[in-house]
Amino acid sequence: AIGKNNGMDYLQHLVDMYDRARVQNSDKQYPVWTWIKGGDNKHLKGISKFSVPRLAKPKEGEGKMVKASDLVQLAIQSFRHRCCSGLLFNSMMRINDSIEEVLIYVDSAANFVTNLIETNKGICPFQFDMCICVGAPVERQNDDEDDDDDDEEDET
């Protein structure tokens with residue numbers, strides 16, 4: 001309701017703020033409740049001062065009000081479960097290709113478009129699609145590092 005009333009994607013912004021905090025704390029587990037309760041985010045500090053009416057019928061032992069920070073925590077967890085899962089820092093697959101070779105293709109495509117525009121005045125607007133095919137992904141082993149495959153050791 002906050003996002004709709006203010007014409008913005010409020011929940012998406014909350015999830016984005018949490019994901020950014022996760023990236024900054026990627027060396028450790030960083031659950032949503034840690035971010036909400038212990039973070040230094042001014043918005044979250046402000047929210048923690050408010051309570052809102054509980055929309056569902058309270059269960060036994062629950063009050064008629066719920067902390068806004070608890071509602072935010074549950075909303076983020078629900079969004080990440082239903083709409084868009086969280087960022088994965090430890091991927092299970094590795095792309096089987098060279099970034100250098102891919103960048104050569106991207107550079108060549110940019111040069112092609114530039115030359116096409118310069119030699120054929122009036123050609124714009126047009127569309128250029130480029131597809132780069134890479135090898136089948138390789139499953140990572142637990143001891144895999146993020147080293148390039150182009151190490152001197154591999155060339156021997």
Side-chain angles (χ1 to χ4, degrees), residues 1-48 50 52 55 68-156:
I2 293 172
K4 188 174 182 179
N5 291 340
N6 291 293
M8 65 174 177
D9 295 322
Y10 180 67
L11 181 56
Q12 181 64 53
H13 289 303
L14 285 173
V15 172
D16 184 56
M17 285 191 302
Y18 170 62
D19 282 340
R20 289 170 188 259
R22 279 190 62 225
V23 168
Q24 292 173 348
N25 294 280
S26 62
D27 59 330
K28 59 186 173 197
Q29 291 291 323
Y30 199 68
V32 179
W33 59 267
T34 301
W35 176 64
I36 290 174
K37 305 281 192 246
D40 58 351
N41 186 298
K42 291 179 185 179
H43 182 70
L44 294 175
K45 286 182 180 179
I47 282 180
S48 65
F50 296 102
V52 294
L55 296 178
S69 57
D70 292 343
L71 194 61
V72 166
Q73 175 185 342
L74 294 172
I76 291 172
Q77 289 172 334
S78 177
F79 182 89
R80 293 180 73 218
H81 177 73
R82 295 172 190 234
C83 300
C84 184
S85 62
L87 298 171
L88 299 175
F89 295 123
N90 298 324
S91 63
M92 298 303 294
M93 302 298 277
R94 183 178 197 158
I95 295 174
N96 185 12
D97 207 342
S98 163
I99 187 101
E100 182 180 356
E101 291 177 14
V102 170
L103 291 176
I104 290 170
Y105 289 123
V106 171
D107 184 54
S108 298
N111 289 334
F112 168 75
V113 171
T114 301
N115 291 335
L116 193 62
I117 291 171
E118 289 175 352
T119 58
N120 298 309
K121 303 291 184 202
I123 194 169
C124 291
F126 73 97
Q127 177 176 334
F128 173 78
D129 294 326
M130 183 171 112
C131 180
I132 298 175
C133 299
V134 297
V138 178
E139 189 170 342
R140 291 186 112 173
Q141 303 299 320
N142 288 341
D143 59 347
D144 274 357
E145 296 290 328
D146 285 337
D147 295 337
D148 290 332
D149 289 334
D150 298 333
D151 291 341
E152 291 116 57
E153 300 158 6
D154 294 338
E155 293 176 1
T156 57

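Basis for what follows: all heavy atoms, side chains included, without hydrogens, waters or symmetry-related copies.
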To the nearest 0.5 Å, what is the distance between [atom1] ([X]) and [atom2] ([Y])?
X     : Y     : atom1 : atom2 : value
Asp19 : Arg80 : CG    : CZ    : 5.5 Å
Asp97 : Arg94 : CG    : CZ    : 12.0 Å
Leu74 : Trp33 : CG    : CH2   : 14.0 Å
Arg22 : Gln29 : CZ    : CD    : 8.5 Å
Ser78 : Gln73 : OG    : CD    : 12.0 Å
Asp70 : Lys37 : CG    : NZ    : 4.5 Å

Could you list the donor-acceptor pairs under 3.5 angstrom formed by side chains in residues 126-135, with sequence neighbours left out?
from   : atom 1 : to     : atom 2 : distance (Å)
Gln127 : NE2    : Asp129 : OD1    : 2.8
Gln127 : NE2    : Asp129 : OD2    : 3.1

- With side chains defined as the heavy atoms from C-beta onward, is the minimum distance between His43 and Leu14 less than 4.5 Å? yes
- Side-chain contact, heavy-atom cut-off 4.5 Å: Trp35 with Asn41? yes
Per-pair distances, 0.1 Å, donor-acceptor, side chain in residues 101-116, under 3.5 Å, sequence neighbours excluded:
from   : atom 1 : to     : atom 2 : distance (Å)
Ser108 : OG     : Ile104 : O      : 2.9
Asn111 : ND2    : Asp107 : O      : 3.4
Thr114 : OG1    : Ala110 : O      : 2.8
Asn115 : ND2    : Asn111 : O      : 3.3

- Item | Heavy-atom pair of closest approach, residues Ala136 and Asn96 | O-CB, 3.0 Å
- Could you tell me which non-hydrogen atom of Ser69 sits nearest to which non-hydrogen atom of Ile47, and how far apart they are? N-CG2, 3.6 Å
- Message: Could you work out, with salt bridge (Lys or Arg N to Asp or Glu O under 4.0 Å) as the rule, every residue matching Arg20, not counting sequence neighbours?
- Response: Asp16
